[in-house]
Amino acid sequence: MHRQISRRDFIRLGALALAGMAFNPFPPYSDEYQEPSAFLGRVTRDISVFRSPSWPDGETVAFLHRDDIVNIYYELTPASGPPYNPIWYRVWDGYVHSAYIQKVHINHNNPAGTLAETGQICEVTVPYTQIYQYTTFSGWSRRARLYYQSTHWAVGIDQGPDGTPWYRLLDELSREQYHVPASHIRLIPDNEISPLSPNVPPESKRIEVSLAGQTLIAYEGEQIVLSTKISSGLNQRPDPTEIGWNTPVGTYHIQSKYPSKHMGAGDLAGDGSDLPGVPWTCFFQSPPGYAFHGAYWHNNFGLQMSHGCINMQTKDAKWLFRWTTPVYRTPIESRADWYQTGYGTLVVIT
């Protein structure tokens, strides 16, 4: 079974090089490595590479597949559109539209010596990291992947299958525990999620969402403090027995806030249908479960994309999480404090 790391073990293991691409697809760079001028993108679903940035019927010259990592040399906004999201990227074989490319980095972290007994919120800092789960029957088994900027709860440090420190993560929905390399995870300090504009009266804050314009504007009184594109529900009902994929119009209030939320069946399916670690989630109608949150599975803000929630860029979702009430209080005193409930910020959706 996996072994809890002692202080002596931690010092020894911390000196080990990460072992093998089977466990660590993003090994640390050597001292001679120079950061390229290009940035990286993770492909979030199978897409075409086009000879030129032509929409909607350009010539396909290659294909990229989910979780491919590509160098992106520059971005451009050709007149051909599409108007809701005109950004294209230049890649090795040609051009790709930005809709299903997540901008990523490869940032490695020094493992912590200890973790708070109540758990610590953390985020993935590499394009993806592979979950491994231990059972006495089958040993270490691969499960789903966790993706860049997704957030999770770290509850322990153990020796992983490659002999180095791995964080043990606890899934807040399924209550499963699983492991990922500690170097792929950044522990988020309390001051990074402290409240924004805490001296502004809560009744002076409001969020206005335009479904027609696919925009969100946050106000303090009549002053705009955030204006950004969003992706709301698709206005479909694929299964007549299930809730439709529309974002409800009306007046609401933030009801609960989760820095990490597992959305989906909770089975770590790994096929894109299950979403562990959805970051910076603010529910405004629950049940059935409509929320503002970051989205790491697309980059197509300005177009309807969701099953009813309001998708945001992760940085904007984090800002909203900090700015809205109820206030998310740190430090965490118990695991019951992993989420916050209350009658919060006004939300108007039209």
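The first residue of the sequence shown is numbered 1, and numbering continues consecutively from there. Only heavy atoms go into these numbers, but all of them, side chains included; no hydrogens, no water, no symmetry mates.
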Within the 6.0 Å centroid threshold, strictly below: Tyr132 and His179: no
N-O pairing of Asp46 and Arg66 below 4.0 Å: no
Asp239 CG: over 12 foreign heavy atoms closer than 6.0 Å: yes
Modelled atom types, side-chain donor and acceptor of Arg142 and Gln130, under 3.5 Å: yes
Side-chain heavy atoms of Leu320 within contact of Phe292, under 4.5 Å: yes
hydrophobic_cluster_shared for Ile157 and Tyr178, side chain cutoff 4.5 Å: yes
Side chains of Ser98 and Asn85, donor plus acceptor under 3.5 Å: yes
Residues Ser231 and Asn300: side-chain donor-acceptor under 3.5 angstrom: no
Pairwise side-chain contact, Leu115 with Tyr167, heavy-atom cut-off 4.5 Å (strictly under): yes
With Arg42 via salt bridge (charged side-chain N to carboxylate O under 4.0 Å, His left out) - residues at least two apart: Asp67
Pair Phe301 + His298: ring centers closer than 6.0 Å: yes
Cluster link Val180 to Ile69, ILVMFWY, side chain under 4.5 Å: yes
Any donor-acceptor pair under 3.5 Å from Gln304 side chain to Gly233 backbone: yes
Shortest non-hydrogen separation from Gly289 to Cys309 and the atoms involved: O-SG, 3.6 Å
Arg237/Glu242 salt bridge by N-O under 4.0 Å criterion: no
Student check: side-chain heavy atoms of Trp166 and Pro161 closer than 4.5 Å: yes
Closest contact, heavy atoms only, Ser227 versus Ile224: CB-CG2, 4.3 Å
Parallel, tilted or perpendicular: ring planes of Tyr328 versus Phe321, cut at 30 and 60 degrees: tilted
Short N-O contact, Glu208 and Arg206, less than 4.0 angstrom: yes
Nearest-0.5 Å distance that lies between atom CG in Asn235 and atom CG in Asn246: 5.5 Å
Polar side-chain atom of Lys318 near backbone of Pro259 as donor-acceptor pair, under 3.5 Å: no
Rounded distance [0.5 Å steps], CG in Leu275 versus CG in Leu146: 11.5 Å
Lys257 to Phe283 six-membered ring, cation-pi geometry met (6.0 Å, 45°): no
Donor-acceptor contact present, side-chain Asp158 to main-chain Gly160, <3.5 Å: no
Validation row, ring centre Trp245 to ring centre His307 under 6.0 Å: yes
Partners passing salt bridge (charged side-chain N to carboxylate O under 4.0 Å, His left out) against Arg143 (at least two apart in sequence or in another chain): Glu176
Glu203 atom CD: more than 12 heavy-atom contacts under 6.0 Å: yes
Shared hydrophobic cluster for Leu211 and Tyr252 (ILVMFWY, side-chain gaps under 4.5 Å): yes
Modelled atom types, side-chain donor and acceptor of Thr341 and Gln255, under 3.5 Å: no
Distance-only donor-acceptor check, side chains Thr345 and Thr325, under 3.5 Å: yes
Sidechain N-carboxylate O distance under 4.0 Å for Arg186, Glu192: yes
Check: Gly221 main-chain N/O paired with Ser204 side-chain donor or acceptor under 3.5 Å: no
Asn311-Ser306 side chain donor-acceptor pair, cut-off 3.5 Å: no
Val70-Ile47 co-clustered via ILVMFWY side chain contacts under 4.5 Å: yes
Selection residues 43-68 - residue pairs positive for ring pair (Phe, Tyr, Trp, His ring centres under 6.0 Å), sequence neighbours left out: Phe50-Trp88
Val124 side chain near His152 side chain, heavy-atom distance below 4.5 Å: yes
Check against side-chain contact (heavy atoms from CB on, under 4.5 Å), Val96 and Ile101: CA-CA 8 Å; Val96 294; Ile101 301 288; 4.2 Å; yes
Flag side-chain contact, heavy atom, 4.5 Å: Ile310 against Thr247: yes
Inter-residue atom distance Tyr74.OH - Ile72.CD1, 0.5 Å rounding: 12.0 Å
Short side-chain donor-acceptor distance under 3.5 Å, His262 and Asp274: yes
Stacked cation flag Arg145 on Tyr128, 6.0 angstrom / 45 deg: yes
Rounded distance [0.5 Å steps], SG in Cys122 versus CG in Leu169: 5.5 Å
Val249 reachable from Ile254 in the ILVMFWY side-chain graph, under 4.5 Å edges: yes
Flag, side chain of Asp68 to backbone of Val43, donor-acceptor distance under 3.5 Å: no
Check: Val155 and Glu117 side chains under 4.5 Å, non-hydrogen atoms: no
Flag, side chain of Gln214 to backbone of Ser232, donor-acceptor distance under 3.5 Å: yes
Any donor-acceptor N/O pair, Gln120 side chain to Ile188 backbone, under 3.5 Å: no
Donor-acceptor under 3.5 Å (Thr118 side chain, Ile332 main chain): yes
Main-chain N/O of Ala336 paired to Ser334 side chain as donor or acceptor, under 3.5 Å: yes
Test item: Glu220 and Ser197 side chains (from C-beta on) under 4.5 Å apart, heavy atoms: yes
Parallel, tilted or perpendicular: ring planes of Trp319 versus Trp323, cut at 30 and 60 degrees: parallel
Whether Ser256 side chain and Tyr339 backbone form a donor-acceptor pair below 3.5 Å: no
Straight-line distance of Gln340 CD to Thr324 OG1, nearest 0.5 Å: 10.5 Å
Ring centres under 6.0 angstrom apart (Tyr296, Tyr148): no
Close side-chain approach of Val49 to Leu64, heavy-atom, < 4.5 Å: yes
Side chains of His184 and Thr129, donor plus acceptor under 3.5 Å: yes
Stepwise side-chain contact (heavy atoms from CB on, under 4.5 Å) test for Thr251 and Val347: CA-CA 6 Å; Thr251 300; Val347 177; over 6 Å; no
Verdict with supporting geometry, Arg45 and Tyr100, side-chain hydrogen bond (donor to acceptor under 3.5 Å, both in side chains): CA-CA 6 Å; Arg45 58 172 286 183; Tyr100 296 104; 3.2 Å; yes
From Leu268 atom CG to Ser174 atom OG, the distance as rounded to the nearest 0.5 Å: 6.0 Å
CZ/Arg51: more than 12 non-hydrogen atoms of other groups inside 6.0 Å: no
